[in-house]
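Here is the naming used below: chain letters follow the sequence lines, and residue numbers restart at 1 for every chain. Because the structure is predicted, anything quoted here is derived from the model rather than measured.
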2 protein chains.
Amino acid sequence: MDNISRESERKGQILNSAIKIFGEKGFQNATIAEIAKDAGVGDATIYEYFKNKEDLMLAIPVEFTKELIPQINDHMMGIKGAFNKLRKFIWWWLNYVEKNPGYGSIVLLELKTSKTYVSTEAYQAARSFYQIVLDIIKEGQEEGAVKKEINPYLARSLCVGAMEHIIIRWLLKDRKYPLIQYADELADLLIDSLKTRV
Amino acid sequence: MDNISRESERKGQILNSAIKIFGEKGFQNATIAEIAKDAGVGDATIYEYFKNKEDLMLAIPVEFTKELIPQINDHMMGIKGAFNKLRKFIWWWLNYVEKNPGYGSIVLLELKTSKTYVSTEAYQAARSFYQIVLDIIKEGQEEGAVKKEINPYLARSLCVGAMEHIIIRWLLKDRKYPLIQYADELADLLIDSLKTRV
DNA sequence: CCATTCTTCCGAATTACATTCGGAATTCAT
DNA sequence: ATGAATTCCGAATGTAATTCGGAAGAATGG
């Protein structure tokens with residue numbers, strides 16, 4: 001989650017502290033003072049780099065999701081067949097959130113309450129991340145593995161909705177036992193849902 | 001959404017204004033002053049009935065979800081077969097949110113960011129609402145319509161996750177065209193996912 | 001090497017709200 | 001009708017976001 005090259009060192013420090021504090025306490029209960037202190041800068045300095053508290057939170061997914069897409073694509077390399085890719089995607093995403101729960105709770109819980117969310121870059125970033133699932137489904141339809149009659153956008157909602165629901169439950173409650181323990185069973189169920197019947 | 005009998009008239013006024021303002025502006029951007037003004041009471045009066053702003057928001061699902069469960073059960077009467085019930089549930093829930101988007105955005109977007117959410121009555125209320133889906137799935141397994149080998153809890157996550165995902169998309173973006181237009185296709189997809197194969 | 005501008009940074013005000021206080025208005029019980 | 005309780009709220013308080021004004025440091029030019 002760290003050492004990502006960014007325009008400015010300062011901006012990077014602040015973002016790293018922001019992800020940490022927002023992730024721990026949530027948007028509401030995190031204070032600018034605390035983030036500033038953690039980043040080792042003055043409160044006012046944050047406002048040199050971000051318009052306001054909300055803008056600071058929205059900057060997190062933009063920066064980090066940019067990194068995610070190459071990473072998942074890298075993991076996808078050499079995997080053949082839509083269902084194998086989907087299984088990998090589920091595994092990878094659950095694993096990533098488990099390792100970075102702060103990022104997960106920002107993206108899955110906090111972000112959507114921002115009044116302007118849909119018109120932000122953050123929304124576009126999330127969109128292109130989930131686009132991967134859509135591509136997998138379409139690929140599956142081409143290769144004949146996924147039922148042709150399914151609306152691929154609805155199928156994406158099914159996959160993403162189920163994943164998010166499981167992740168959100170985990171974020172809200174337990175966080176104790178591994179999140180990836182759900183990965184296989186969830187993948188089985190989703191694959192079975194989409195599969196062409198013989 | 002109105003005329004629900006409650007302990008006190010005042011408390012009811014405040015809750016109705018709260019659902020309206022929170023629903024419109026979100027928790028963050030709603031102010032106590034605005035809710036008080038809308039309810040026609042002084043700011044301090046709100047604190048006679050609710051511990052604080054967060055407690056006021058959390059009171060909404062408790063009050064309203066109590067009403068929801070009898071309503072949906074009422075609609076379920078006379079419907080035979082798990083899949084017919086599931087279809088009805090999807091239709092009814094999408095329709096309810098479409099008619100009460102303020103309530104929907106509180107329950108689906110705002111609530112989960114509350115630090116204490118899982119330990120509140122509001123969480124229990126949501127839980128018993130979604131319990132209905134679990135019961136339908138279990139019933140389906142008993143009558144042989146739903147695959148026996150599916151973990152019913154995971155199946156619930158699939159159904160609820162997909163519904164919530166579609167509702168959240170609608171709340172965040174469009175809200176223009178009818179939400180229920182998704183109901184049938186979603187129901188088809190979910191039913192097909194759960195169905196025992198011959 | 002020094003003066004000048006430009007940039008970065010931040011301590012100290014300012015502002016916007018949530019929350020609390022103290023007492024006024026109203027209702028209730030006798 | 002009167003004292004006691006309850007309900008209500010305007011004004012004060014406290015906390016945290018945001019802005020201001022200028023200090024400290026880096027870059028430019030002679």
Side-chain angles (χ1 to χ4, degrees), chain A residues 5-60 63 102 105-106 109-111 113-117 120 122, chain B residues 5-63 106 109-111 113-117 120 122:
Chain A
S5 70
R6 293 201 204 77
E7 318 86 278
S8 130
E9 194 44 54
R10 267 287 189 277
K11 194 170 180 180
Q13 284 169 256
I14 295 170
L15 272 174
N16 279 326
S17 297
I19 200 172
K20 176 176 157 193
I21 308 292
F22 281 140
E24 274 169 18
K25 313 209 156 181
F27 181 76
Q28 191 67 202
N29 298 101
T31 68
I32 291 290
E34 195 178 1
I35 293 168
K37 194 176 167 198
D38 186 275
V41 303
D43 297 15
T45 303
I46 290 180
Y47 291 88
E48 299 292 332
Y49 294 94
F50 303 95
K51 198 149 52 67
N52 52 39
K53 190 181 172 186
E54 191 173 46
D55 185 52
L56 171 57
M57 181 177 63
L58 289 167
I60 292 168
E63 292 294 323
S105 66
I106 292 165
L109 300 175
E110 304 290 342
L111 223 55
T113 69
S114 160
K115 205 171 54 273
T116 55
Y117 176 51
T120 62
Chain B
S5 69
R6 292 201 204 76
E7 318 86 279
S8 131
E9 193 45 54
R10 267 287 188 276
K11 193 169 181 182
Q13 284 170 257
I14 295 170
L15 272 174
N16 280 325
S17 296
I19 201 172
K20 176 175 156 194
I21 307 292
F22 281 139
E24 273 169 18
K25 312 208 157 182
F27 181 76
Q28 192 66 201
N29 298 102
T31 67
I32 291 289
E34 195 178 1
I35 293 168
K37 195 178 167 197
D38 187 274
V41 302
D43 296 15
T45 303
I46 290 181
Y47 291 88
E48 300 291 333
Y49 294 94
F50 304 94
K51 197 150 52 66
N52 52 39
K53 191 182 172 186
E54 192 173 45
D55 185 54
L56 172 57
M57 181 176 63
L58 289 167
I60 292 169
V62 176
E63 291 294 322
I106 292 165
L109 300 175
E110 304 291 340
L111 224 53
T113 69
S114 159
K115 203 170 54 279
T116 56
Y117 175 51
T120 62

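Between B:Tyr49 atom OH and C:dA18 atom P there is a gap of 20 Å when expressed in whole angstrom units. A straight line from CD1 of B:Ile35 to P of C:dT19 spans 11 Å, rounded to a whole angstrom. In this structure, CZ of B:Phe50 is placed 15 Å from P of C:dT20, rounded to the nearest angstrom. Across the protein-nucleic acid pair, A:Lys37 atom NZ and C:dC10 atom C1' stand 16 Å apart, rounded to whole Å. Going from atom CD of B:Gln13 over to atom C1' of D:dC8 covers 12 Å, rounded to whole Å. With rounding to whole Å, A:Asn29 atom CG is found 13 Å from D:dT15 atom C1'. Distance, B:Lys11 NZ to D:dT7 P: 12 Å, rounded to whole Å.
In this view, B:Lys115 satisfies the side chain to side chain donor-acceptor pair (under 3.5 Å) rule with no residue, not counting sequence neighbours. Judged as a ring pair (Phe, Tyr, Trp, His ring centres under 6.0 Å), and not counting sequence neighbours, A:Tyr47 has no contacts. Partners of A:Tyr49 by ring pair (Phe, Tyr, Trp, His ring centres under 6.0 Å), not counting sequence neighbours: none found. Taking A:Glu34 as the reference, A:Lys25 meet the salt bridge (charged side-chain N to carboxylate O under 4.0 Å, His left out) condition, with sequence neighbours excluded. Under the rule for a side chain to side chain donor-acceptor pair (under 3.5 Å), the partners of B:Lys20 that lie at least two apart in sequence or sit in another chain are B:Asp38.
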Contact list (N/O, under 3.5 angstrom) for nucleotides 24-28 of chain C vs protein:
none

Protein-nucleotides 16-20 of chain D N/O pairs closer than 3.5 Å?
unit_1: D:dA17; atom_1: OP1; unit_2: A:Ala30; atom_2: O; d: 3.3
unit_1: D:dA17; atom_1: OP1; unit_2: A:Lys53; atom_2: NZ; d: 3.2
unit_1: D:dA17; atom_1: OP2; unit_2: A:Ile32; atom_2: N; d: 3.0
unit_1: D:dT18; atom_1: OP2; unit_2: A:Tyr47; atom_2: OH; d: 2.8
unit_1: D:dT18; atom_1: OP2; unit_2: A:Lys53; atom_2: N; d: 2.8

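Screening residues 39-50 of chain B for salt bridge (Lys or Arg N to Asp or Glu O under 4.0 Å) gives no qualifying pairs among residues at least two apart or on separate chains. Within the structure, ring-ring contact (aromatic ring centres under 6.0 Å, His included) contacts touching residues 24-44 of chain A (residues at least two apart or in different chains) are A:Phe22-A:Phe27.
With values rounded to the nearest 0.5 angstrom, A:Asn52 atom CG is found 10.0 Å from A:Met57 atom CE.
Residues B:Leu111 and B:Thr120 fail the side-chain proximity criterion, which asks for heavy atoms closer than 4.5 Å.
Between C:dT8 and A:Arg10, no contact under 4.0 Å exists linking OP1 or OP2 to a side-chain N or O.
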